[in-house]
*Asks:* 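Just dropping this structure here.
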Amino acid sequence: MSDKNGVMMQYFHWYNPADGNLWKQVAEQAAELAAKGFTSLWLPPAYKGTGGGLDVGYGVYDLFDLGEFDQKGSVRTKYGTKDEYIQAIKAAHDHGIQIYADVVFNHRLGADQEEVADATPFDPNNRNRAIGEYQKVKVWTHFTFPGRLGKKPFDIEKQYSSLEWHWWHFDAIDYNSYNQGEKAIYLLKGKEFDRDVDLEKGNFDYLMGCDLDMDQPEVKGELKYWGEWLMDTTRVDGFRFDAVKHVRAEFFQEWLEHTRNYAKRDLYAVGEYWSYQLEALDHFIKVTEGKVSLFDAPLHYNFHAASLGGNNYDLRQIFTNTLVKQQPTLAVTLVENHDSQPLQSLESVVEPWFKPLAYALILLRREGYPCIFYADYYGAHYKDKGRDGNEYEIWLDCFKEILDHFLFAREHYSYGNQYDYFDHPNTIGWTRLGDEAHPGGMAVILTNGSDGYKWMEIGQPHKTYKDITGHIKETITTNEHGWAKFNCLGGSVSVWIPQ
Ligand SMILES: [Ca+2]
Ligand SMILES: [Ca+2]
Ligand SMILES: [Ca+2]
């Protein structure tokens with residue numbers, strides 16, 4: 001990253017229309033996104049999922065099919081074709097935006113054929129407890145990729161990789177055709193669950209589908225080979241690793257090192273370790289020796305709690321037990337994502353009134369690498385079934401206007417020393433003093449109560465500041481010592497930059 005303050009966008013949400021247009025949209029929007037201050041985009045999984053053209057991408061079927069082969073009922077993915085993906089990356093690069101690929105190593109779904117194997121059923125709620133005898137099972141574990149053949153009649157080898165997945169590449173699966181009603185996780189012959197995974201449910205190696213065995217040499221070899229192929233094919237700049245708490249942690253470091261050496265580039269990496277327990281995140285960071293950043297899930301949770309708590313929430317605690325506080329250089333800070341949005345698996349919404357406050361807290365401070373969620377930037381409207389089985393219609397507000405102001409302030413004024421004024425339960429603020437290349441300074445103040453004010457030092461005597469959010473029309477001028485009484489309106493945030 002350059003000395004410019006980086007900002008990532010998660011350039012999708014769960015309910016983007018499945019019209020195959022997202023990659024084209026990236027190419028079309030790249031110039032504007034760069035102009036607004038975005039420096040990187042995390043794009044959704046680009047390979048074919050079991051749901052074909054409808055799959056969000058996490059139901060991985062074939063890592064080598066980036067929307068190129070007629071598999072699972074569609075050539076393109078939900079987001080477009082392989083050529084469009086490559087064009088999108090190129091367009092982003094032309095405007096100085098980096099692209100992070102979403103990488104799912106944990107599981108495979110949508111096998112082409114069944115196989116008979118031997119396995120022991122385990123309790124889904126306690127993966128250390130067998131609930132039956134070692135037995136014959138019939139499982140969907142054979143992936144033949146029939147659509148990935150070369151051009152007939154001469155080239156009948158599969159393109160890019162000849163490997164077919166079999167039961168011996170996996171640790172476990174949760175469906176046995178011989179006993180369809182049983183709720184169990186079948187640990188396959190000779191396998192054990194990965195170590196160094198999250199310890200929820202006893203051992204959280206197994207999440208869904210066919211769980212990859214990260215100790216199996218062919219599995220490791222194939223995933224490393226895929227990394228090489230991906231670098232040759234797409235030129236992405238980094239990775240967002242999915243579901244890292246369900247995979248042996250060392251593997252990410254091993255894979256990353258291999259891929260970096262192959263590409264001869266410093267590739268960025270952030271993992272999705274969705275846990276509110278800082279110790280678990282810490283453990284992952286230790287095992288991967290600080291090579292992989294993590295999303296700050298505990299900070300998201302604090303935002304969620306603060307947004308529900310109203311003025312009962314003590315804003316001085318907003319960074320308590322967060323990754324950005326403990327490991328600021330390894331924290332990717334976020335407000336919302338495709339799992340926390342309404343009707344999704346980890347639904348824990350940050351209420352709309354608090355979103356501008358939360359975004360100010362990630363975009364305008366020194367610590368953390370902030371990530372803006374597509375649906376917060378552009379808004380969203382969709383329908384889906386909730387956990388109660390009823391259908392809901394959801395509208396998510398568009399925060400583009402205020403986020404563009406924050407992006408401007410981040411790009412031009414969010415530099416230099418940071419003075420914190422976290423001294424009141426309802427109103428907190430901080431200043432940035434600027435640096436040689438970015439002079440002027442900035443003051444941020446926000447409240448979950450009624451109108452707030454705070455005396456803060458910005459280091460510039462007799463200088464006039466305006467509220468870039470437009471919430472407050474009057475300007476503020478500092479005294480001869482570079483201090484001023486900055487203010488904000490009730491339940492909102494104001495960002496003061498030089499007039
Ligand atoms: Ca796993
Ligand atoms: Ca495994
Ligand atoms: Ca294993």
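What you are looking at is a predicted structure, and each value in this text was computed from that prediction instead of being measured. Numbers for residues simply follow the sequence, beginning at 1. In listed order, ligands and their atoms are each counted from 1.
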*Asks:* With the Ca ion (ligand 1) at the apex, how many degrees lie between O of Asp205 and OD1 of Asp211, rounded to 10 degrees?
*Replies:* 80°
*Asks:* Are there over 12 heavy-atom neighbours, none belonging to Asn321, within less than 6.0 Å of that residue's CG?
*Replies:*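 No.
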*Asks:* Salt-bridge test for Asp62 and Arg148: reply yes if a basic N is under 4.0 Å from a carboxylate O, no otherwise.
*Replies:* yes
*Asks:* By atom name, which N, O or S atom belonging to Glu192 lies closest to the Ca ion (ligand 3)?
*Replies:*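 Restricting Glu192 to its N, O and S atoms, the minimum distance to the Ca ion (ligand 3) goes to O.
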*Asks:* Identify, by name, the N, O or S atom of His246 lying closest to the Ca ion (ligand 1).
*Replies:* O
*Asks:* Would you call Lys90 and Asp94 a salt bridge, using N to O less than 4.0 angstrom?
*Replies:*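 Salt bridge present between Lys90 and Asp94.
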*Asks:* Any N/O/S atom, side chain or main chain, of Leu212 closer to the Ca ion (ligand 2) than 3.0 Å?
*Replies:* yes
*Asks:* Return yes when at least one N/O/S atom of Met214 is nearer than 3.0 Å to the Ca ion (ligand 1), and no when none is.
*Replies:*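 No, Met214 does not qualify, because none of its backbone or side-chain N, O or S atoms lies under 3.0 Å.
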*Asks:* Can you tell me if an N/O/S atom from Asp213 lies under 3.0 Å from the Ca ion (ligand 3)?
*Replies:*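 Short answer: yes, at least one N, O or S atom is under the cut-off.
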*Asks:* Under 4.0 Å between a Lys/Arg side-chain N and an Asp/Glu carboxylate O for Lys245 and Glu272?
*Replies:*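 Not counted as a salt bridge, because no side-chain N and carboxylate O are separated by less than 4.0 Å.
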*Asks:* Give a yes or no on whether the ring-centroid distance for Trp42 and Phe12 is below 6.0 angstrom.
*Replies:*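 Here the rings of Phe12 and Trp42 have centres that are less than 6.0 Å from each other.
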*Asks:* Strictly below 4.0 Å, N to O, side chains only: are Lys158 and Glu164 in salt-bridge contact?
*Replies:* yes
*Asks:* In Asp171, which N, O or S atom comes closest to the Ca ion (ligand 2)?
*Replies:* OD2
